[in-house]
Structure formats: C-alpha cells, structure tokens
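The structure under discussion appears below in the form of structure tokens.
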Number of protein chains: 2
Amino acid sequence: MGTYAHGRLLDVYISAKVDYAVRAMCAVADAGDRPVTAEALASSQGLPPKFLESILNDLRRAGLLRSQRGAEGGYRLARAAKEITVADIIRPLDGPLAEVRGLRPEATNYEGAAAHLQDVWVAVRSSLRSVLEVVTLADIVAGKLPTSVVRLTTKADAWVSR
Amino acid sequence: MGTYAHGRLLDVYISAKVDYAVRAMCAVADAGDRPVTAEALASSQGLPPKFLESILNDLRRAGLLRSQRGAEGGYRLARAAKEITVADIIRPLDGPLAEVRGLRPEATNYEGAAAHLQDVWVAVRSSLRSVLEVVTLADIVAGKLPTSVVRLTTKADAWVSR
DNA sequence: ACTAACCCTGGTTGATTACTAGGTTTAGTA
DNA sequence: TACTAAACCTAGTAATCAACCAGGGTTAGT
C-alpha cells in the first residue's frame, strides 16, 4: 500500500487523482469490452479503493466510462482507447491544463519590462498540449508512443533530475 | 492592486510567487546596472509589497540577485540577463519543474497496463524544459523569444482555451 | 543623528488534496 | 423471492500549503 503523499504546488504537478485515473483507464482499456470492477482495478494497480471509486464516478460523469451495476457489473470505456487522450482524462478531474495565478494564459496582462511574459506562458501550455493531447490510452497500453513524444524522452538529460 | 486569487492544484500551475518573481526580475534586468528598490518594483509591476520583499530575499539567497542596503540601495542582477532562464527562477522558489504525486517522473514505477505511463510523464517534463530552460530574461525584456518558442505560440489554437 | 533601504521571524486565512465511512440503489443468481 | 455483488451517493477529516500581512532589526549613505 502506497505512502499517500500530499501534493506540493509547483510548476507541473500530476496529482494523485490524475495519476490514479490514468492508470485505472489503462487497465480498463486493457480488458477490452469486458467490464472491470472497481475492486479489481484497485488491487491490480495498487490504488486506494474508496478514493478510486469516487474517481471512477467522475470519469463516468465526464463521459469517459460506462458503468453497469449489480453482479457481473463493472466499468468499460465509453469510446475506443485510441480516441481517448491523457488530456481528456486530466481536464474533467483537475480543470484546464495550464493556469497562471488562477488565470488562463491568454487572459493575463503584463506591462512594462514583463510585457512579453504572456507569450512564454502560452508557449508552455502549447508544449504541454503537444504531449498530452497526442498520447492516447491505446498508445500507453501498447507501449508505442507517437514518435514526436518518443523524441522528447530520448533527448539528452530527459531522465535526469535537475 | 490585484485580486490576490488563491491557487488551485492542476496540471501546470504558475503560482503567484513565480509570476511575481519573473516580473520583478524582468524589471530589474531592464534597469541595467542601477539598483532598483523593492518599492519601485512593487509599484511599477503592481505587486503586493511585503510579499514581494520575501520573494526578492529568496532570489538573493538563490544567487540570482545582489542587494545593497541603506539609502541608494536596492537590487540588481547577480549575472547577465541572457544567462538567467525562467527555469532558474522557478526552481529555487517552487522546487523541481515536474512531479507526479510527489515523486520525480523518473522515480515513478508502474505495472501492468500502465507500465509505459512513466515515459509520458518524462516527455511532459522534457517538453516543459524545452521552453523554460531556453527563454532568458534578456529575451523577455527585448520581446524576442527564441524561434523554437515562437513556433509554439504561433501553432493553431495556441491561444484558445479548451 | 537621521533616514532610506534591506533583512528576519513569525502569524493568519482560506482552500485544497488525499483520502475514509457508511449507507442506498441496481441487477444478476439460487 | 431472497441473496449478493456491484455501482452510487452524501457526507466528513487531517494535513498541507498558497498568498499574503505585521512589526521590528540592521546597514549604509548624507
């Protein structure tokens, strides 16, 4: 059972909620059209069961999962695994991909020496999207990411901490 | 006089602290080698004065600013504006650029259907770095960002919310 | 001395994250 | 018709943290 660490606010933070959601969605995708129970997902991925339940509910309300109650019930994908990106999972759970002090990047307004800072934040969001809106569940389950994404992981120092 | 909104945890969040820090650093860079007082920075950029003071202190301890006390005192850059990237400012204030549930991306460990999820998070961090480790204070003040960054801001839909 | 500036310790308020508890409803099976 | 397995729902909680503010101490020019 994990350590259930609490979040810290920093530049990019993948919350436990999102991390668990993506892992569960991968496991559901991997089961094909057979429904998978919340408990099976929790134990196969090592996730806190009750927390996962509420996440699965959110994903259903977001239109990403279909559920069936009762015995022989469980969850399955609402559409094909290749039609669900990581961004599709993040946004209904955690909100927009990028914000600056609570504002969308395009809504910021800078003056004086920092006048061009807005362009930097827009570029940050754009670079994020070039990964999260491109990688699908099918890609992750198959272990074959798009080449533009693979290129990022094979860059010099991509795996070192800084 | 801003609204002083509180932060929400989501994928990319530029905190008020970082936003203020970058703006202040831009204004200091813009002043050349003349020292600028905290009060002048606060009023020229519209930042909360006492909060800014503590941020400037952090930046000094991080080796990015040099300060002088007393009358005719103030802050100036510790090194050339073209040698200070946005990532240099973020890291001492908010910690590492990317974390997953409190872990660095390369320290995560996934099994089963989600085994390749780690690559996605590493790619996300890598794409972030390709902006934040490349843009310098000199670029922002001059309004001339590197072409690889400009390319991101001119992509289709780069300025729309989603 | 006076004063303008940085420096330092500490506190507050409200929000959020990462969960848990416990019951209600639905739907197959004996 | 009971039984049971599963989804569903409404709460609630502890710890953490962001985004500030107050107030005094220290340094250095005039």
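These figures come from a predicted structure and were not determined experimentally. Per chain, numbering begins at 1; letters A, B, ... match sequence-line order.
In this view, B/A81 and B/A29, B/L77, B/L137, B/A138 satisfy the side chain to side chain contact (heavy atoms under 4.5 Å, CB included) rule, not counting sequence neighbours. B/R34 pairs by the side chain to side chain contact (heavy atoms under 4.5 Å, CB included) definition with B/A31, not counting sequence neighbours. Annotation: salt bridge (charged side-chain N to carboxylate O under 4.0 Å, His left out) contacts of A/E83 (sequence neighbours excluded): none. Judged as a side chain to side chain donor-acceptor pair (under 3.5 Å), and not counting sequence neighbours, A/E111 has no contacts. In this structure A/A71 satisfies the side chain to side chain contact (heavy atoms under 4.5 Å, CB included) test with no other residue, sequence neighbours excluded. For A/D33, the side chain to side chain contact (heavy atoms under 4.5 Å, CB included) test picks out no residue, with sequence neighbours left out. A/R60 is linked by a side chain to side chain donor-acceptor pair (under 3.5 Å) to A/N57, counting only residues two or more places apart in sequence or in another chain.
No engagement by A/R66 is indicated, since no non-hydrogen atom pair under 4.0 Å with the nucleic acid exists.
Between the CG atom of B/L93 and the C1' atom of D/dA18 there is a distance of 13 Å, rounded to whole Å. At whole-Å resolution of the value, CG in B/L47 and C1' in D/dC21 are 16 Å apart. Taking atom CG of residue B/D19 and atom P of nucleotide D/dA18, one finds them 15 Å apart after rounding to whole Å. Here the P atom of nucleotide D/dC17 and the CD atom of B/E99 are 11 Å apart, to the nearest Å. The separation between A/I55 atom CD1 and C/dT17 atom P is 12 Å, rounded to whole Å. As rounded to whole Å, 18 Å separates atom P of D/dT13 from atom CZ of A/F51. Summarising the geometry, the separation between CD1 on B/I14 and P on D/dA18 is reported as 14 Å, rounded to the nearest angstrom. Per the geometry, CZ belonging to B/R60 stands 12 Å off P belonging to D/dT27, to the nearest Å.
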Detail all sub-3.5 Å separations between protein N/O atoms and N/O atoms belonging to nucleotides 21-23 of chain C.
residue, atom, partner, partner atom, Å
C/dG22, O6, A/K50, NZ, 2.6

Distances under 3.5 Å only, N/O to N/O: pair up the protein atoms with those of nucleotides 27-30 of chain C.
residue, atom, partner, partner atom, Å
C/dG28, OP1, A/Q68, NE2, 2.7

> In dot-bracket, 5' to 3', how would DNA chain D read with Watson-Crick or G-U wobble pairs under 3.5 Å, [ ] for crossing ones and | for pairs to another strand?
Replying inline: ||||||||||||||||||||||||||||||
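Of the candidates D/dC20, C/dC6, D/dC9, C/dC6 carries the atom nearest the B/S67 side chain, counting heavy atoms from C-beta on. When distances are taken from the side chain of B/T37 to each of D/dA19, C/dA5, D/dA7, the shortest belongs to C/dA5.
Regarding contacts with the backbone of D/dA19, every side-chain N or O of B/Y20 stays at 4.0 angstrom or more from both OP1 and OP2. Residue A/Y13 places no side-chain N or O under 4.0 Å from the OP1 or OP2 atom of D/dC17. A close approach under 4.0 Å does not occur between any side-chain nitrogen or oxygen of A/R61 and OP1 or OP2 of D/dA7. For D/dA7, neither phosphate oxygen OP1 nor OP2 lies less than 4.0 angstrom from any side-chain nitrogen or oxygen of A/N57.
Other members of the hydrophobic cluster containing A/W159, listed by chain and number, are B/V122; membership follows side-chain contacts under 4.5 Å among ILVMFWY residues, whether direct or relayed.
More than 12 heavy atoms of other shown residues, nucleotides or ligands fall within 6.0 angstrom of atom CZ in A/R79. Residue B/E106 places its CD atom among more than 12 non-hydrogen atoms of other residues, nucleotides or ligands, all under 6.0 Å distant.
The stretch residues 41-52 of chain A participates, sequence neighbours left out, in these side-chain hydrogen bond (donor to acceptor under 3.5 Å, both in side chains) pairs: A/R23-A/Q45.
Taking both residues in full, the closest heavy atoms of A/S161 and B/R104 are given as O-NH2, 3.3 Å, listed atom of the first, atom of the second, then distance.
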